[in-house]
Amino acid sequence: MMTTESKMTGEEVRQSILSRLSGYRYTHTLGCERAARQLALRFGYDPERAGFAALLHDITKRLSKEEQLYLCEKYDIIPCDIEMQEWKMLHGRTAAAIAATEYGADREICDAIACHTTGRANMTLLDEIIYLADYIEDTRDFDGVERARELAQESLEKALLYCFDSSLKDLLARNKLIHADTVAARNWILENL
């Protein structure tokens with residue numbers, strides 16, 4: 001079934017997505033779109049598809065826990081125990097559902113959106129691009145982001161390993177739960193370097 005959004009032109013879809021964002025999330029999303037397009041060009045992927053996925057990756061990030069859980073119920077998303085406790089992780093999965101149902105995104109794009117916070121084993125090139133673009137986009141300013149940007153100039157895998165290692169150190173330092181997909185993603189990268 002065609003949605004209203006899927007009948008729009010590319011620029012109309014872009015504006016529809018951006019109209020749902022504000023403040024830092026708007027700025028961050030535009031930065032992520034730029035980074036995704038640049039990474040796609042560098043590593044041989046379609047920059048339009050990468051940009052589209054990047055625009056949608058945080059479309060539900062601003063939602064409350066109740067709103068996230070409502071979307072999970074609506075779209076038959078079953079959160080794991082860790083996602084129930086660290087509910088902000090759900091925004092990747094709920095954003096993927098919105099991307100599919102409201103913007104006609106295909107499975108590859110939705111999968112990349114769904115795993116952009118945790119990673120996963122056997123990441124596709126688009127998964128890697130969106131995860132890394134989210135981490136290194138130009139409005140990000142935290143210890144280690146410059147090193148991640150440098151590594152992204154030479155190798156997606158080296159940059160991703162650095163990002164996973166940094167994220168895991170941060171989660172451990174803050175005594176946070178660690179999603180099994182993040183551990184699986186890091187191990188998969190190590191096995192394939």
Side-chain angles (χ1 to χ4, degrees), residues 10-11 13-15 17-18 20-62 88-100 103 105-168 170-171 179 181-182 184-186 188-189 192-193:
E11 186 55 30
V13 168
R14 186 173 189 277
Q15 290 309 313
I17 295 165
L18 291 173
R20 297 170 82 155
L21 307 170
S22 62
Y24 170 74
R25 192 63 39 213
Y26 180 90
T27 305
H28 163 69
T29 297
L30 290 177
C32 190
E33 178 191 25
R34 284 190 298 274
R37 287 175 179 275
Q38 291 166 355
L39 290 167
L41 287 169
R42 175 172 291 110
F43 295 105
Y45 189 81
D46 180 348
E48 293 300 314
R49 288 178 59 77
F52 182 52
L55 283 174
L56 287 160
H57 86 286
D58 272 355
I59 201 162
T60 62
K61 177 87 180 214
R62 67 172 173 74
K88 290 185 179 185
M89 286 183 185
L90 289 171
H91 81 274
R93 296 176 70 192
T94 58
I98 296 295
Y103 293 97
D106 64 32
R107 176 74 180 250
E108 181 189 30
I109 288 172
C110 292
D111 287 349
I113 294 167
C115 76
H116 85 270
T117 57
T118 60
R120 64 179 179 160
N122 302 307
M123 292 173 77
T124 66
L125 180 56
L126 183 59
D127 293 347
E128 293 177 344
I129 287 168
I130 299 305
Y131 185 96
L132 190 56
D134 184 40
Y135 196 95
I136 67 169
E137 61 88 4
D138 57 16
T139 71
R140 295 283 202 191
D141 183 23
F142 54 85
D143 286 341
V145 72
E146 287 301 327
R147 180 64 182 142
R149 289 177 183 139
E150 290 168 11
L151 288 168
Q153 296 298 313
E154 62 177 273
S155 165
L156 276 174
E157 289 74 22
K158 288 179 184 176
L160 285 166
L161 181 59
Y162 178 85
C163 295
F164 286 128
D165 286 351
S166 297
S167 294
L168 288 168
D170 175 64
L171 291 168
H179 200 288
D181 286 350
T182 304
R186 182 186 182 275
W188 175 74
I189 292 286
N192 290 286
L193 267 178

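Side chains are part of it too, since the values below use all heavy atoms of this structure and drop only hydrogens, waters and symmetry mates.
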(request) Please round to the nearest 0.5 Å and tell me the distance separating atom OH of Tyr131 and atom CG of Leu160. (result) 7.5 Å

(request) For Thr94, enumerate each residue passing the side-chain hydrogen bond (donor to acceptor under 3.5 Å, both in side chains) test, keeping only those at least two apart in sequence or located in another chain. (result) Thr60, Gln68

(request) Could you tell me the separation between the NZ atom of Lys158 and the CD atom of Gln153, rounded to the nearest 0.5 Å? (result) 13.5 Å

(request) Could you tell me whether the side chain of His28 reaches within less than 4.5 Å of the side chain of Asp134, counting heavy atoms only? (result) yes

(request) Just jot down the side chain to side chain contact (heavy atoms under 4.5 Å, CB included) partners of Asp46, sequence neighbours excluded, or say none. (result) Glu48, Arg49

(message) Taking side-chain hydrogen bond (donor to acceptor under 3.5 Å, both in side chains) as the definition, give me every residue that meets it alongside Asp170, ordered by chain and number, with sequence neighbours left out.
(response) Arg174

(message) Rounded to the nearest 0.5 Å, what separates atom CG in Leu132 from atom CE in Met123?
(response) 9.0 Å

(request) Please list, chain by chain and in numerical order, all residues satisfying side-chain hydrogen bond (donor to acceptor under 3.5 Å, both in side chains) with Ser167, sequence neighbours excluded. (result) none

(request) With sequence neighbours left out, write down each residue that passes salt bridge (charged side-chain N to carboxylate O under 4.0 Å, His left out) with Arg34, or none if nothing qualifies. (result) Asp138

(message) Going by ring-ring contact (aromatic ring centres under 6.0 Å, His included), name the residues that satisfy it together with His116, two or more places apart in sequence or in a different chain.
(response) His57, His91

(request) For Asp181, check side chain to side chain contact (heavy atoms under 4.5 Å, CB included) against everything at least two apart and list the hits. (result) Thr118, His179

(request) Could you tell me which non-hydrogen atom of Tyr45 sits nearest to which non-hydrogen atom of Glu108, and how far apart they are? (result) OH-OE1, 2.9 Å

(message) As a quick check of understanding, evaluate side-chain contact (heavy atoms from CB on, under 4.5 Å) for Leu161 and Leu193, giving each step before the final call.
(response) CA-CA 9 Å; Leu161 181 59; Leu193 267 178; 3.6 Å; yes

(request) Identify the heavy atoms of Ala54 and Thr29 that sit nearest to each other, and give their distance. (result) O-CG2, 3.8 Å

(request) Check for a donor-acceptor pair, side chain of Tyr162 on one end and backbone N or O of Gly144 on the other, with a separation under 3.5 Å. (result) yes

Validation: residues 145-152 side-chain donor-acceptor distances under 3.5 Å, sequence neighbours left out:
| residue | atom | partner | partner atom | Å |
| --- | --- | --- | --- | --- |
| Glu146 | OE2 | Arg149 | NH1 | 2.7 |
| Arg147 | NH1 | Glu150 | OE1 | 3.2 |
| Arg149 | NE | Ile136 | O | 2.8 |
| Arg149 | NH2 | Ile136 | O | 3.3 |
| Arg149 | NH2 | Glu137 | O | 2.9 |
| Arg149 | NH2 | Arg140 | O | 2.9 |

(request) Determine, step by step, whether Glu128 and Ile189 satisfy the side-chain contact (heavy atoms from CB on, under 4.5 Å) criterion, reporting the C-alpha distance in whole Å, the side-chain angles of both residues, the deciding distance to 0.1 Å, and the verdict. (result) CA-CA 10 Å; Glu128 293 177 344; Ile189 292 286; 4.2 Å; yes

(message) Restricting to side chain to side chain contact (heavy atoms under 4.5 Å, CB included), what partner residues turn up for Ala99, sequence neighbours left out?
(response) Leu56, Ala105, Cys110, Ile113

(message) Show me the pairs that pass salt bridge (Lys or Arg N to Asp or Glu O under 4.0 Å) and involve residues 21-32, at least two apart or across chains.
(response) Arg25-Asp58

(message) Ignoring hydrogens, what is the shortest heavy-atom contact between Ala36 and Ala133? Give both atom names and the distance.
(response) N-CB, 3.6 Å

(request) Quick one: pull up NZ in Lys61 and OH in Tyr24 and give me the separation to the nearest 0.5 Å. (result) 8.0 Å

(request) Drop me the distance from Ile130's CD1 to Cys32's SG, to the nearest 0.5 angstrom. (result) 5.5 Å

(request) Write down the atom of Phe52, the atom of Tyr103, and the distance for their closest heavy-atom approach. (result) CZ-O, 3.7 Å

(request) Name all residues meeting the side-chain hydrogen bond (donor to acceptor under 3.5 Å, both in side chains) criterion together with Asp141; count only those two or more places apart in sequence or in a different chain, and write none if there are none. (result) none

(request) Just jot down the side chain to side chain contact (heavy atoms under 4.5 Å, CB included) partners of Arg14, sequence neighbours excluded, or say none. (result) Glu11, Leu18, Leu30, Glu33, Leu55

(request) Would you indicate whether the side-chain heavy atoms of Asp111 and Thr124 approach each other to under 4.5 Å? (result) no

(request) May I ask you to test the Phe142-Tyr135 pair for a side-chain heavy-atom distance under 4.5 Å? (result) yes

(request) Work out which heavy atom in Gly44 is nearest to a heavy atom in Leu125; give both atom names and the distance. (result) O-CD2, 4.1 Å

(request) Working to the nearest 0.5 Å, report the span between CZ of Arg20 and CD1 of Ile59. (result) 4.0 Å

